[in-house]
Amino acid sequence: QVPLVESGGGLVQAGGFLRLSCAASGRTFSSYDMGWFRQAPGKEREFVAAITWSGGNTYYADSVKGRFIISRDNAKNTWYLQMNSLKPEDTAVYYCAAGRVTYYGGSYYEAKWYNYWGQGTQVTVSS
């Protein structure tokens with residue numbers, strides 16, 4: 001059973017918006033930090049945003065800062081990425097991930113600190 005499932009991806013015109021969701025199942029992730037990463041064709045997976053387990057701190061890649069908002073609802077075991085003012089360069093497969101980054105003193109920006117991953121959802125932004 002896949003513990004994390006993304007949804008909300010799709011095709012949108014530049015300047016538009018999408019809201020990605022990451023639903024957890026099988027266990028509670030309220031004590032886990034959550035991240036969003038993306039991978040464009042021919043490129044390596046890159047950090048997009050992260051939120052600490054309490055929701056008290058958020059982190060963003062410079063490329064999305066001011067346009068994307070990460071949030072979480074621990075009661076629903078669901079996390080979100082609101083993506084506004086989308087650009088063609090945002091086109092990628094987006095993955096949500098969970099890890100105890102804060103607990104282990106890791107970096108929210110590095111994929112290696114997240115040990116649960118979703119299967120990904122495609123976001124395509126047309127110009």
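What you see below is based on every heavy atom in this structure, not just the backbone, and it leaves out hydrogens, waters and symmetry mates.
- There is no side-chain donor-acceptor pair under 3.5 Å between Glu89 and Thr91.
- Annotation: cation-pi pair Arg45/Trp117 present, NZ/CZ under 6.0 Å from the ring centroid and within 45° of its normal.
- Heavy atoms of other residues, nucleotides or ligands lying less than 6.0 angstrom from NZ of Lys65 number more than 12.
- Following chains of ILVMFWY side-chain contacts shorter than 4.5 Å, one cannot reach Met83 starting from Tyr80, and the two form parts of different hydrophobic clusters.
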message = The test is side chain to side chain contact (heavy atoms under 4.5 Å, CB included); show your working for Tyr95 and Glu6 and say whether it passes.
response = CA-CA 7 Å; Tyr95 300 88; Glu6 304 94 338; 3.9 Å; yes

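- The minimum heavy-atom distance linking Pro3 with Tyr116 is given by the pair CG-CD2, 3.6 Å.
- A cation-pi geometry, defined here as NZ or CZ lying under 6.0 Å from the six-membered ring centre and within 45° of its normal, does not hold between Arg19 and Phe17.
- Between the side chain of Arg67 and the main chain of Ser85, a donor-acceptor pair closer than 3.5 Å is present.
- Contact check for Ile70 versus Trp79: no side-chain heavy atoms found under the 4.5 Å cut-off.
- Taking the six-membered ring wherever Trp is involved, the centroid distance between the rings of Tyr59 and Tyr108 falls below 6.0 Å.
- In plain terms, the two heavy atoms of Pro88 and Ser127 that are nearest each other are CG-CB, 3.8 Å.
- Here the closest non-hydrogen pair linking Ala92 and Ala40 is CB-N, 3.8 Å.
- Residue Tyr103 is grouped with residue Val101 when hydrophobic side chains (ILVMFWY) are merged at heavy-atom distances under 4.5 angstrom, including chains of intermediate members.
- With a 4.5 Å cut-off on side-chain heavy atoms, Leu20 and Val123 count as touching.
- Residues Trp113 and Tyr104 meet the side-chain proximity criterion, which asks for heavy atoms closer than 4.5 Å.
- Using a 4.5 Å heavy-atom threshold, the side chains of Phe29 and Trp53 count as separate.
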task = Tell me, with the steps shown, if Phe47 and Trp36 meet side chain to side chain contact (heavy atoms under 4.5 Å, CB included).
result = CA-CA 7 Å; Phe47 170 79; Trp36 286 95; over 6 Å; no

inquiry  = Applying side chain to side chain contact (heavy atoms under 4.5 Å, CB included) to Thr58 and Tyr60, what does each step give before you reach the verdict?
reply    = CA-CA 7 Å; Thr58 57; Tyr60 297 94; 3.6 Å; yes

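- Judged by distance alone, the side chain of Asp33 and the main-chain N or O of Thr102 form a donor-acceptor pair under 3.5 Å.
- Between the side chain of Thr121 and the main chain of Gly9, a donor-acceptor pair closer than 3.5 Å is present.
- Residues Ala50 and Tyr114 come closest through the heavy atom pair CB-OH, 3.6 Å.
- Although no hydrogens or angles enter the test, the distance criterion places no donor-acceptor pair under 3.5 Å between the side chain of Ser30 and the main chain of Thr28.
- For the pair Gln119 and Val5, the minimum side-chain heavy-atom distance is below 4.5 Å.
- Both Val48 and Val12 are part of a single hydrophobic cluster, where members link through side-chain heavy atoms under 4.5 Å apart.
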request  = Walk me through it: do Leu81 and Ile69 pass the test side chain to side chain contact (heavy atoms under 4.5 Å, CB included)?
outcome  = CA-CA 6 Å; Leu81 184 68; Ile69 301 171; over 6 Å; no

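- With a 4.5 Å cut-off on side-chain heavy atoms, Leu86 and Phe68 count as touching.
- A donor and an acceptor atom, one from each side chain of Tyr32 and Arg27, are located under 3.5 Å apart.
- Across Asn115 and Gly99, no two heavy atoms sit closer than the pair OD1-CA, 3.5 Å.
- Within the 4.5 Å cutoff, side-chain heavy atoms of Ser63 are placed close to those of Arg38.
- No side-chain heavy atom of Gln82 sits under 4.5 Å from any side-chain heavy atom of Leu18.
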